[in-house]
Amino acid sequence: MEILAGIFHHGVIVDDLEAAMAQFGATMDCTWTPVRTFDPMPVWNAAGKQLNARLRVVYSHQGPLRMELIESVPGSAYDAMRALGRSHLGVWVDSVADSAAAMLASGWGCWAVLRRIRATVPSPI
């Protein structure tokens, strides 16, 4: 699948950002960007409803595949993502709408997007 050529990061949802930074940093011999806080960060679910996530995020300096650690505040939009699994891949694409439509047509699911998709994308729900 062509979309895999654009993988930028492997993200993991963690309970304690500082503890995860210490553990992953020691295990993978990496250093981290400054912590970024998003409170709130709007996300849209597959039905097009806007939700708010409350996050603290860091990325590894080392790459080309970066490690992303995400600490989500309980009760925010990432609770549902955490229930599905704690990790994801972040990719760069030329068109989010076209890539989302192609992935959905291939049987992938969509839980949320960080930017509203401006094209008609069939809902997996």
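Quick note: numbers below take in every heavy atom, side chains included, and nothing from hydrogens, waters or symmetry partners. Just so it is clear, the model here is predicted, and its values are computed rather than measured.
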Determine, using the 4.5 Å side-chain heavy-atom cutoff (strictly less than), whether [X] and [Y] are members of one ILVMFWY cluster.
X   : Y   : value
I7  : V12 : no
V43 : I70 : yes
F8  : V57 : yes
L65 : V91 : yes
V73 : V58 : no

Does the side-chain contact (heavy atoms from CB on, under 4.5 Å) test come out yes or no for H10 and L89, once each step is laid out? CA-CA 5 Å; H10 174 227; L89 295 176; 4.1 Å; yes

Locate the shortest heavy-atom distance separating Q50 from P42; write the atom from each residue and the value.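 For Q50 versus P42, the nearest heavy atoms are NE2-CB, 3.3 Å.
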
Considering all heavy atoms of both residues, which atom of A20 and which atom of V14 are nearest to each other, and what is their separation? CB-CG1, 3.7 Å

Would you check if M21 and E71 make a side-chain contact, meaning some heavy-atom pair closer than 4.5 Å? no

Between [atom1] on residue [X] and [atom2] on residue [Y], distance to nearest 0.5 Å:
X   : Y   : atom1 : atom2 : answer
R54 : M41 : CZ    : CE    : 13.0 Å
L69 : D16 : CG    : CG    : 11.0 Å
E68 : I13 : CD    : CD1   : 9.0 Å

List the atom pairs, with distances to 0.1 Å, where a side-chain N or O of residues 24-31 and a protein N or O form a donor-acceptor pair under 3.5 Å, not counting sequence neighbours.
residue: T27; atom: OG1; partner: Q23; partner atom: O; Å: 2.8
residue: T31; atom: OG1; partner: H61; partner atom: ND1; Å: 2.9
residue: T31; atom: OG1; partner: Q62; partner atom: NE2; Å: 3.4

